[in-house]
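Just below is one structure, and these are the notes that go with it.
Here is the naming used below: chain letters follow the sequence lines, and residue numbers restart at 1 for every chain.
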There are 2 protein chains.
Amino acid sequence: MDTPDFLLQKLTELNSGVSAVLLEDFARAMPLKKFRKGETIAPAGKVASEVFFVEKGCVRMLYYLESKEVTASFFFEGGFTGPCISMMFKTINQQVFEAFEDCHIRTLNFDTYMSLLRQQPCFYQLRSTIAESIMADQELIIRFFLSFTPMERYQYLIKNQPQLFMRVPQHHIASMIGITPVSLSRIRKRIAC
Amino acid sequence: MDTPDFLLQKLTELNSGVSAVLLEDFARAMPLKKFRKGETIAPAGKVASEVFFVEKGCVRMLYYLESKEVTASFFFEGGFTGPCISMMFKTINQQVFEAFEDCHIRTLNFDTYMSLLRQQPCFYQLRSTIAESIMADQELIIRFFLSFTPMERYQYLIKNQPQLFMRVPQHHIASMIGITPVSLSRIRKRIAC
DNA sequence: AGTATTTCTTAACTTTTGTTAATGAAAAGC
DNA sequence: GCTTTTCATTAACAAAAGTTAAGAAATACT
């Protein structure tokens, strides 16, 4: 019913060096929560207390700025995400996470996390591995903005994140690329002709 | 003469939870290397074997793209940096690091790092802390690109990284912002009037 | 000190993006 | 099934950025 098999599989794939038995303990410490489409999984404005694993559904991460919102990214089945910075550094969270579809989310609570690390210091290996893999993803995104034009960014996403186009409307993709929906529409026309 | 006092201070400030004695061992494992202005500290195109601490001078990080180069960032005294992703995941390095001024760099070699972690597993705490602090920096940069216009990015840098403007020519700052030097010049004019 | 190089600015022109508004198509809600 | 809302496209115009080139100012080098 509520077995964390999928999470365990993804934890294993990280190759953190932590034993299978311990990874099971870790996975079991992440209870399942369900969210309806549109619900907020983590709000901005306060210190976050938990991070997530997407078991089913799709999560949108966005920033609010002067009453406007900017979509930063989407996370699908198998993804680790959440307001890590707010939770780890106890800062006010700026990253809003919302269920973009009906979602099954496994959550890792800060206190649970700390107690796991205290009991079993080799979970620090897992922590390093997760942080470093997020770091690698972010480095790609930064390079994406620094060295690609909006058109190249769009083509990059088509090639590298095709699932995005099956599940997310175009105006959110425009936002991720850093342009308006109207501009993306024009870019698509330029490519087609 | 060659004591790693400054590095030790910065390691301590990370508040990783690792004891002062062990941090000293860690700092001593990072030998000092000197680079002349313009020299390459880490090249692209091969798997990186070490990461850095800037003890003196200024390091530029850049990407090559179709014979063009894009400046991504600068690191000054007290900064941890280097081709972490290449070193940790054994991938071909894309991030070029060069001495932008004459530099004193302390280097952490991959094998040394691994042996420190093996001997003293609590260095994993340090590893997590460093990875998470880089993650926080990168998250800011992504937000910087997603939600600011070029002019707002320029104003953000003036406010938050004034040392940049004392030590780095403007065309490199334009590159970091994601625009051409000509455009930055126009933005400066718009702000002045 | 004098020359060469780098850096910044400005101009003119092209290309791209933002903005606003209107239209039609598709999807969601009841 | 019908209405409402969301979404993508297009047009027209304004604003901003890219490109190329030229010139001035600052810097580096010998």
Side-chain angles (χ1 to χ4, degrees), chain A residues 35-39 57-58 60 62 65-71 74 98-103 144-158 162-193, chain B residues 36-39 57-58 60 62-63 65-71 74 98-103 144-158 162-193:
Chain A
F35 294 89
R36 284 289 171 82
K37 177 175 177 169
E39 280 186 303
C58 166
R60 177 165 81 115
L62 58 132
L65 270 122
E66 294 149 17
S67 77
K68 281 184 186 174
E69 53 175 53
V70 184
T71 300
F74 289 87
E98 62 166 49
F100 194 69
E101 303 170 357
D102 289 353
C103 280
F144 170 89
F145 280 109
L146 266 174
S147 43
F148 290 170
T149 63
M151 188 191 280
E152 289 166 335
R153 286 178 218 152
Y154 176 69
Q155 290 170 320
Y156 177 89
L157 288 183
I158 288 179
Q163 76 281 22
L164 213 57
F165 298 83
M166 315 295 288
R167 296 169 76 170
V168 168
Q170 202 170 288
H171 67 276
H172 282 132
I173 294 172
S175 188
M176 292 173 64
I177 290 174
I179 59 176
T180 60
V182 179
S183 270
L184 180 54
S185 204
R186 281 186 293 227
I187 286 172
R188 281 162 54 81
K189 196 177 182 183
R190 251 177 273 152
I191 292 172
C193 295
Chain B
R36 284 289 171 84
K37 177 175 177 168
E39 279 187 303
C58 167
R60 176 165 81 115
L62 57 131
Y63 296 104
L65 270 121
E66 295 148 16
S67 76
K68 281 183 186 175
E69 55 175 51
V70 185
T71 300
F74 288 87
E98 62 166 50
F100 195 69
E101 303 169 357
D102 290 353
C103 281
F144 170 90
F145 280 110
L146 267 174
S147 43
F148 290 170
T149 63
M151 188 192 280
E152 289 167 334
R153 286 178 218 152
Y154 176 69
Q155 290 170 320
Y156 178 89
L157 288 183
I158 289 177
Q163 77 281 22
L164 212 57
F165 297 83
M166 315 294 288
R167 296 169 76 171
V168 167
Q170 202 170 287
H171 66 276
H172 281 131
I173 293 173
S175 188
M176 291 172 66
I177 290 174
I179 59 176
T180 61
V182 179
S183 272
L184 181 53
S185 203
R186 279 186 294 228
I187 286 172
R188 282 162 53 81
K189 196 177 184 184
R190 251 178 272 152
I191 292 172
C193 296

Whether the side chain of [X] engages the backbone of [Y] through a donor-acceptor N/O pair (distance < 3.5 Å, no angle test) should be reported.
| X | Y | result |
| --- | --- | --- |
| B/Arg153 | B/Ile177 | yes |
| A/Asp102 | A/Lys37 | yes |
| A/Arg167 | A/Gly57 | yes |

Quiz item: Does the side chain of B/Arg188 pick up a donor-acceptor pair with the side chain of B/Ser185 at under 3.5 Å?
Solution: no
Quiz item: Could you run down nucleotides 5-24 of chain D 5' to 3' and tag each one B, S or - for protein heavy-atom contact under 4.0 Å?
Solution: --SSBBBB---SBBBB----
Quiz item: Which word best sums up how the rings of A/Tyr156 and A/Phe148 line up, parallel for under 30°, tilted for 30 to 60°, or perpendicular for over 60°?
Solution: tilted
Quiz item: Pairs in or reaching into residues 166-193 of chain B: which pass ring-ring contact (aromatic ring centres under 6.0 Å, His included), with residues at least two apart or in two chains?
Solution: B/Phe74-B/His172, B/Phe100-B/His172
Quiz item: Could you give the start and end, 5' to 3', of the contact zone on DNA chain C for chain B, using atoms under 4.0 Å from its heavy atoms?
Solution: C/dT7 to C/dA12
Quiz item: To the nearest 0.5 Å, what is the distance between CD1 (B/Ile179) and CG (B/Leu184)?
Solution: 5.0 Å
